[in-house]
Amino acid sequence: MAVKFRLTRYGSKKKPFYRIIVADSRSPRDGRFIENVGTYDPLKDPAQITLNREKIKVWYSKGARPTKTVENLFKKEGLLKELT
C-alpha cells in the first residue's frame, strides 16, 4: 500500500478549497483518507497554506511521499528541507 500526501477538493463551483491529506494512492481524489494534515486556499491573495508540521513529519518518516503539487506547497512553506 503506497501512502501519499495529496489534495482533496472542497468548496463550491469556481471557489475551490483544498485539504492536504494522507491517503492510500489507490483511493479516489475525494474518497477515503487516513488523516488531514493541512489546508490550501488558492483564492486568497497570497494563497493561504496551513500545515500541521508534526503530523507531516510523522507520516513522512513512515514512508508517505507527497504528490508533485503537494511537494511544491511543502517547498513554498520551507518544509521539504526539514523533511530531507
Side-chain angles (χ1 to χ4, degrees):
M1 179 172 92
V3 178
K4 292 194 172 272
F5 294 100
R6 61 200 288 189
L7 297 177
T8 184
R9 191 183 192 278
Y10 286 86
S12 58
K13 187 176 179 181
K14 297 189 178 184
K15 294 180 183 176
F17 174 82
Y18 298 93
R19 289 183 182 166
I20 301 169
I21 61 168
V22 178
D24 184 353
S25 62
R26 296 172 292 182
S27 296
R29 183 193 71 183
D30 298 331
R32 187 182 342 182
F33 63 93
I34 300 169
E35 189 163 18
N36 184 1
V37 295
T39 61
Y40 171 56
D41 188 353
L43 297 181
K44 301 267 173 125
D45 190 26
Q48 184 178 14
I49 303 168
T50 58
L51 301 173
N52 186 330
R53 293 175 181 263
E54 296 304 317
K55 286 184 181 178
I56 291 170
K57 287 177 185 175
V58 169
W59 278 106
Y60 197 88
S61 70
K62 290 180 180 178
R65 293 295 177 258
T67 59
K68 285 287 184 188
T69 305
V70 174
E71 184 176 299
N72 289 335
L73 294 175
F74 286 177
K75 279 182 189 173
K76 196 172 187 178
E77 291 296 309
L79 181 62
L80 204 58
K81 288 182 181 177
E82 295 176 28
L83 295 175
T84 56

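Because the structure is a prediction, the values reported are computed rather than measured.
- Leu73 and Leu83 fall within a single hydrophobic cluster, where Ile, Leu, Val, Met, Phe, Trp and Tyr are joined by side-chain heavy atoms under 4.5 Å apart, directly or via other members.
- Note that the OH atom of Tyr18 and the CG atom of Asp41 stand 10.0 Å from one another [nearest 0.5 Å].
- Val70 and Ile21 are assigned to two separate hydrophobic clusters, defined by single-linkage of ILVMFWY side chains at heavy-atom distances under 4.5 Å.
- A search for side chain to side chain donor-acceptor pair (under 3.5 Å) contacts involving Asn36 returns nothing, not counting sequence neighbours.
- One hydrophobic cluster, built from ILVMFWY side chains closer than 4.5 Å, holds both Leu7 and Leu51.
- Within the 4.5 Å cutoff, side-chain heavy atoms of Trp59 are placed close to those of Ile34.
- The NZ atom of Lys44 lies 8.0 Å from the CZ atom of Phe17; values are rounded to the nearest 0.5 Å.
- Rounding to the nearest 0.5 Å places CD of Glu77 at 12.0 Å from CG of Asn72.
- A heavy-atom distance below 4.5 Å is not found between the side chains of Ile56 and Ile20.
- Looking at Thr39 and Ile49, their side chains never come closer than 4.5 Å, going by heavy atoms from C-beta outward.
- For Lys75, there are no side chain to side chain donor-acceptor pair (under 3.5 Å) partners, not counting sequence neighbours.
- The hydrophobic cluster containing Tyr60 does not contain Phe33, counting ILVMFWY residues as joined when their side-chain heavy atoms lie under 4.5 angstrom apart, directly or transitively.
- For the residue pair Ala47 and Pro42, the shortest heavy atom distance occurs at CB-CA, 4.1 Å.
- No side-chain heavy atom of Asp24 sits under 4.5 Å from any side-chain heavy atom of Arg32.
- Across Glu71 and Pro66, no two heavy atoms sit closer than the pair N-CB, 3.8 Å.
- Side-chain atoms of Val22 and Val3, non-hydrogen and from C-beta on, do get closer than 4.5 Å to each other.
- The two atoms that bring Thr67 and Lys4 nearest to each other are CG2-CD, 4.2 Å, heavy atoms only.
- Between the CG atom of Leu43 and the NZ atom of Lys15 there is a distance of 9.0 Å, given to the nearest 0.5 Å.
- Listed by chain and residue number, Thr8, Arg9 satisfy the side-chain contact (heavy atoms from CB on, under 4.5 Å) test with Asp30 (two or more places apart in sequence, or in another chain).
- Using cut-offs of 30° and 60° on the angle between ring planes, the pair Phe74 and Phe5 is perpendicular.
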